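Data first, discussion second: the structure below is written as structure tokens.
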Amino acid sequence: MTVQIICDSASDLSLETLQDHGVEMVSLKVLLRDKEYDDGKNISPKEVYDAMRAGESPKTSQVTGQAFRDLFVEKIEAGIPFLYIAFSSELSGTYQSAKIVEQELREEYPDAEFDVIDTKAASLGYGLIVLRAAEKSKEGTGLEELKDLVSYHSAHMEHLFTVDDLEYLHRGGRVSKTQAFVGSLLKIKPLLHVEDGKLLPLEKVRGQKKVFKRMIDLMQERGKDLDNQRIAISHGDSIETAEHLASMIREHHSPASIHIDLVGSAVGAHSGPGTIALFFLNDEYK
């Protein structure tokens, strides 16, 4: 790589995928049963989902400033240019934590070549941006061009989410107890999206089959250049459902690839098991 790409665990990229692309990752924290874990390293998403099914309510916290400082200084002192591509600043304080460290290090190391950039994206929407930056860095793309590329993909990344049980969104403060109760009784599936980095309700659809059809309809309405881009689906321990959605997409389009992965522990602690999310670009793939 001309520039080392760094992301955090909210990208929901597996360790294997990160290693294959030469990306380094810092972990958000997951607190479960009074024990703190490093997301993506010493706790698996399945452990978190099984605990949630059993009634546990895991908590999460941002990457610490010290973790950023240690990693950034290591790269700077080794003379390695780097770009930290961050989880949406509207969903976590992780980006702001990194920016504070960035400002301190610019004073200490004025000649260092590095930057911190907010994707306003989450889960594999964020992960797709990281993967594209890693590919371009391996092709020799410099820091400023990489920042432009990340900004472009961030501005045009669409996120469509649905959850299996509204109770998990209630616990995370996304819906009221009454909405969760009534929605569960009526088998209502909320469809959410990300707008300017915030996770917002979009529509309510009754039944899983209808919500998946609506997700594909929205992808066709919003998406562009779908046959030439990499699409992603993340899931909350529901691989068969994710693969079913992928097969529905392939009935209409032939994307370059469909990347399927688990919603990681930090994001999944809020969305819950059974979550399905779809990610694609609403403009030309670059």
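Numbers here are sequence positions counted from 1. All values derive from a computational prediction rather than experimental measurement.
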>> Just checking Phe87 against Tyr95, ring centres under 6.0 Å apart?
In response: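 No, the ring of Phe87 stays outside the 6.0 Å limit from the ring of Tyr95, centre to centre.
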
> Who are the side chain to side chain donor-acceptor pair (under 3.5 Å) partners of Ser97, not counting sequence neighbours?
Replying inline: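 Residues passing side chain to side chain donor-acceptor pair (under 3.5 Å) with Ser97: none at all.
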
> Of all residues at least two apart in sequence or in a different chain, which pass the side chain to side chain donor-acceptor pair (under 3.5 Å) check with Ser88?
Replying inline: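 With sequence neighbours excluded, Ser88 shows a side chain to side chain donor-acceptor pair (under 3.5 Å) to no residue whatsoever.
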
Please tabulate, for the side chains in residues 29-38, all donor-acceptor contacts under 3.5 angstrom to protein atoms that are two or more places apart in sequence or on a different chain.
{"unit_1": "Lys29", "atom_1": "NZ", "unit_2": "Asp38", "atom_2": "OD1", "d": "2.4"}
{"unit_1": "Arg33", "atom_1": "NE", "unit_2": "Glu56", "atom_2": "OE2", "d": "3.4"}

> So, Ser234 and Ser123: side-chain donor and acceptor under 3.5 Å apart, yes or no?
Replying inline: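 There is such a pair between these side chains.
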
>> Just by distance, no angles: are the side chains of His270 and Thr60 close enough, under 3.5 Å, to form a donor-acceptor pair?
In response: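 The answer is yes; a qualifying pair exists.
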
Run the ring pair (Phe, Tyr, Trp, His ring centres under 6.0 Å) test against [X] and tell me which residues pass, sequence neighbours left out.
{"X": "His156", "result": "Tyr152"}
{"X": "Tyr84", "result": "Phe68"}
{"X": "Phe212", "result": "none"}
{"X": "His159", "result": "Phe279"}

Going by salt bridge (charged side-chain N to carboxylate O under 4.0 Å, His left out), name the pairs with one or both residues in [range], residues two or more places apart or in two chains.
{"range": "residues 232-257", "answer": "Lys46-Asp237, Arg53-Asp237"}
{"range": "residues 123-134", "answer": "Arg132-Glu135"}
{"range": "residues 144-161", "answer": "Asp115-Lys147, Glu144-Lys147, Glu158-Arg222"}

> Excluding sequence neighbours, so at least two apart, what forms salt bridge (Lys or Arg N to Asp or Glu O under 4.0 Å) with Asp196?
Replying inline: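 Testing Asp196 for salt bridge (Lys or Arg N to Asp or Glu O under 4.0 Å), a comparison that skips the adjacent residues, returns Lys120.
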
> Checking His21 side chain against Thr17 main chain: does a donor-acceptor pair fall under 3.5 Å?
Replying inline: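 Pair found, side chain donor or acceptor close to backbone of Thr17.
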
>> Suppose we screen for side chain to side chain contact (heavy atoms under 4.5 Å, CB included). Which residues come up paired with Gln229, at least two apart in sequence or across chains?
In response: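 With neighbours one apart ignored, the set is Leu226, Ile231, Phe280, Leu281, Tyr285.
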
